[in-house]
Amino acid sequence: MFKVRCIDLDAGGKYIAILNNNDAEELGVRPLDRIVISYKNKRQVAIVNVSETFVKRGEVVVYSEVSKKLKLKGGEEVEIAPRKPLLSKSFIKRKIQGYTLSEEEIREIISDILHYNLNDLEISALITALAIRGMEIEEAVAFSKAFVSTGEKLRLNRKIILDKHSLGGVPGDKTSLLLVPIIASLGLTIPKTSSRAITSAAGTADRMEVLAPVTFGIEEMERIVKRTNACIVWGGAVNIAPVDNMIIKIEYPLEIDPLYIPSIISKKKAVGATHVVVDLPTGRGSKLPTFGSAYEMAHDLTEVAKRMKIKMVAAITYGEQPIGHAVGPALEAREALAALRTMKPQDLVDKACSLAGILLSMVNKGNKETALRALKTGKAERKLREIIAAQGGDERIRCEDIEVGDKSASILSEKSGLVMWIKNREIAEIAKIAGAPRDKGAGVIVHKKISERVRKGEKLLTIYSNNSLRLNRAYNFAEHVNPVVVVDNLKKAMLIKKIEAERHEKPFILER
């Protein structure tokens, strides 16, 4: 028996217990191994940490997650035993060796991740094996099913539920802030769960949070959708496919993302989506630089969706420059709100209506022109304001009410000519250095787009921030990377860049 000492510290959702070095050795456990703590009729698996001085012999120190789960206050006596060997570890080894995993094996692995039976190193081994060995369609379907089974589901009892997903990677892509109200204003249901930015300047949830709260539980989300036909909420708070979120945290530092297809499909299945359009931005600076890679992605996504009984259409879209002019949460929210009334910028409106048109045609409710009419008549704007109100925001909010960074600096063109190239990744990085997305007012306005004429001394970019130091760093970075390339004559601009031996790191972009 071990005497409990509770410490008032959270472990980020993990169950952690600290043992004395000698006790751990007698139990045959090492750091990161698992133990089973039993108290009365309850049991909890915990991750082992060890200490020679912080913990006495015969004592166990537990973090808040463990004490709350077992209802411990300190001073109680508990039983501790090593956890039995896991089958899932042998299944991970099989994948490392190149075998295809069965649905039952995948379900076992995902269950052990959910219950913190596998440590981060073991999960890393799984992710690495999937990245190197690849994943069969059957495995992707099995992972999708397993992800869905671990979390809550939205139950709307509606025959048709529409949804949209973007692979991301293009700065300023505020399309969902137009598409969702367009679809909902036409009497169709679209419960949009969205990500916060992970490695980009703004996720859809960050943009929407400028207009209204986005953190809701599944029951609140259901209430909002039943009231307005739609929502735009942060998926991380809804507890949909939670194992996927646990895996993403480990994928990010590894800078590999082999489970993106199950991640996308499982979240659409969990909200009950019957028809989905998935946006695949393609071109230089995007996640899919070639049409070949986009076609391959489209095939895999639509095939897995079909086997999960979701009708999905993949849309390959132009991804070689930012969508609209604004990059950063507040700047993008302001531009989206204006677009609902002014029908500008044209590329944003065209993309939103094209994708909305695909969804409408999938259920025989219209096309791109139908979506455009919903914008022109003001139906979509009224619906967005209704959604804002249902989520606890101010439905009367105006563009000028949205605060952006009170400090700014502009990059000016050094020559007259045409914009030949805009570097997406560098634009996103400038906005991030300025403070986005944590600083909602930070970001970038791209004044000139590809093929537009520029005069010497005209603004190419304006950078916004609420912090002078960040603004200065962002400005210096922008001057160094030359994110908007201007040439005086396209016929005399065949040489783009000279590369010599130097260290080059490809940015990793992960956005759900």
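Just so you know, these numbers use all the heavy atoms, side chains as well, and skip hydrogens, waters and symmetry mates. In this text, all values refer to a predicted model and were calculated from it rather than measured experimentally.
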Visitor: Nearest heavy-atom pair of Ala184 and Thr228: which atoms, and what distance?
Guide: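 For Ala184 versus Thr228, the nearest heavy atoms are CB-O, 4.0 Å.
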
Visitor: Heavy atoms only: give me the nearest Ala434-Asp439 pair and the separation to one decimal.
Guide: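 Ala434 and Asp439 have their closest heavy atoms at O-OD2, 4.2 Å.
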
Visitor: Atom CG of Leu280 and atom OG of Ser293: how far apart are they, to the nearest 0.5 Å?
Guide: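 With rounding to 0.5 Å, CG (Leu280) is 9.0 Å from OG (Ser293).
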
Visitor: What do the steps show when you test Lys226 against Glu222 for salt bridge (charged side-chain N to carboxylate O under 4.0 Å, His left out), and what is the final call?
Guide: CA-CA 6 Å; Lys226 286 181 176 178; Glu222 185 178 314; 2.9 Å; yes

Visitor: Could you tell me whether Glu429 and Arg425 make a salt bridge, using a distance below 4.0 angstrom between a side-chain N and a carboxylate O?
Guide: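 Looking at Glu429 and Arg425, the cut-off is not met.
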
Visitor: Within a radius of less than 6.0 Å around CD of Glu400, do more than 12 heavy atoms belonging to other residues, nucleotides or ligands occur?
Guide: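 Enclosed.
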
Visitor: Quick one: does Ile323's side chain get under 4.5 Å of Thr317's, heavy atoms only?
Guide: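 No, their side chains stay 4.5 Å or more apart.
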
Visitor: Flag the pair Lys287 and Asp257 as a salt bridge only when some basic side-chain nitrogen lies within less than 4.0 angstrom of an acidic carboxylate oxygen.
Guide: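 No.
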
Visitor: Can you find a heavy atom in the side chain of Leu154 that is under 4.5 Å from one in the side chain of Leu156?
Guide: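 The answer is yes, as the side chains (C-beta and beyond) meet within the 4.5 Å cut-off.
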
Visitor: When you look at CD of Glu103, are more than 12 heavy atoms from neighbouring residues, nucleotides or ligands closer to it than 6.0 Å?
Guide: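 Yes, CD of Glu103 has more than 12 neighbouring heavy atoms, counting only those of other groups under 6.0 Å.
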
Visitor: Would you say the side chain of Ile411 lies within less than 4.5 Å of the side chain of Val484, judging by non-hydrogen atoms?
Guide: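 A side-chain contact under 4.5 Å is absent here.
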
Visitor: Could you tell me the separation between the OG1 atom of Thr175 and the CZ atom of Arg207, rounded to the nearest 0.5 Å?
Guide: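 These two atoms lie 8.0 Å from each other.
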
Visitor: Write down the atom of Glu65, the atom of Gly12, and the distance for their closest heavy-atom approach.
Guide: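 Minimum heavy-atom contact is OE2-N, 3.4 Å.
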
Visitor: Could you check whether Thr462 and Ser410, counting side-chain N and O atoms only, form a donor-acceptor pair closer than 3.5 Å?
Guide: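 Short answer, yes.
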
Visitor: Please give me the minimum heavy-atom distance between Ser194 and Ile232, naming the atom from each residue.
Guide: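 Heavy atoms of Ser194 and Ile232 come nearest at OG-CG2, 4.1 Å.
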
Visitor: Assess whether a salt bridge exists between Arg373 and Glu369, defined as any Lys/Arg side-chain N lying under 4.0 Å from an Asp/Glu carboxylate O.
Guide: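 Glu369 and Arg373: not salt-bridged.
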
Visitor: Is it true that, when you exclude Lys311 itself, more than 12 heavy atoms of the residues, nucleotides or ligands shown sit nearer than 6.0 Å to its NZ?
Guide: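 Not more than 12 within 6.0 Å, no.
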
Visitor: Do Leu130 and Ile127 come within less than 4.5 Å of each other through their side chains, counting heavy atoms only?
Guide: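 When only atoms from C-beta onward are counted, Ile127 and Leu130 do not touch, as no gap falls below 4.5 Å.
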
Visitor: Taking all heavy atoms of Tyr116 and all of Val45, pick out the closest pair and write down the distance.
Guide: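 Looking at all heavy atoms of both residues, the shortest contact is O-CG1, 4.4 Å.
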
Visitor: If every non-hydrogen atom of Pro281 is compared with every non-hydrogen atom of Gly319, which pair is closest and at what distance?
Guide: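 What the structure gives for the nearest pair is CB-CA, 4.2 Å.
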
Visitor: Let me see the working for Arg307 and Glu303 under salt bridge (charged side-chain N to carboxylate O under 4.0 Å, His left out), right down to the final yes or no.
Guide: CA-CA 6 Å; Arg307 299 194 191 192; Glu303 182 61 28; 2.9 Å; yes

Visitor: Give a yes-or-no answer on whether the side chains of Ser176 and Lys164 include a donor-acceptor pair shorter than 3.5 Å.
Guide: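 Judged by distance alone, the side chains do pair up.
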
Visitor: Quick one about Thr189 and Arg158 (side-chain donor to acceptor, distance below 3.5 Å, no hydrogens or angles considered), yes or no?
Guide: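 Arg158 vs Thr189: donor-acceptor pair found between side chains.
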
Visitor: Around Lys14, counting heavy atoms of other residues, nucleotides and ligands shown, do more than 12 lie under 6.0 Å from its NZ?
Guide: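 Atom NZ in Lys14 is not packed in, count stays at 12 or less.
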
Visitor: I need the single residue from Val419, Ile422, Leu461, Val486 that forms a side chain to side chain contact (heavy atoms under 4.5 Å, CB included) with Lys448. Which is it?
Guide: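 Filter result, single survivor: Val419.
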
Visitor: Between Lys351 and Asp173 (salt bridge meaning N to carboxylate O under 4.0 Å), is one present in this structure?
Guide: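 Yes, Lys351 and Asp173 are salt-bridged.
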
Visitor: Before accepting this row, confirm whether a basic side-chain N of the pair Arg385/Glu381 lies closer than 4.0 Å to the acidic partner's carboxylate O.
Guide: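 Counted as a salt bridge, because a side-chain N and a carboxylate O are separated by less than 4.0 Å.
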
Visitor: Counting heavy atoms not belonging to Glu296, are there more than 12 under 6.0 Å from its CD?
Guide: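 Counting other residues, nucleotides and ligands, CD of Glu296 stays at 12 neighbours or fewer.
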
Visitor: Report the distance from atom CG of Asp406 to atom CG of Asn467, rounding to the nearest 0.5 Å.
Guide: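 Result: 10.0 Å between the selected atoms.
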
Visitor: Any side-chain heavy atom of Gln321 within less than 4.5 Å of one from Val446?
Guide: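 Answer no - side chains too far apart.
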
Visitor: For atom NZ of Lys459, is the number of surrounding heavy atoms from other residues, nucleotides or ligands below 6.0 Å larger than 12?
Guide: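 Not more than 12 within 6.0 Å, no.
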
Visitor: Using a strict cut-off of less than 4.0 Å between a Lys/Arg side-chain nitrogen and an Asp/Glu carboxylate oxygen, indicate whether Asp244 and Lys267 qualify as a salt bridge.
Guide: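 Looking at Lys267 together with Asp244, the answer is yes, because their closest N to O distance falls below 4.0 Å.
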
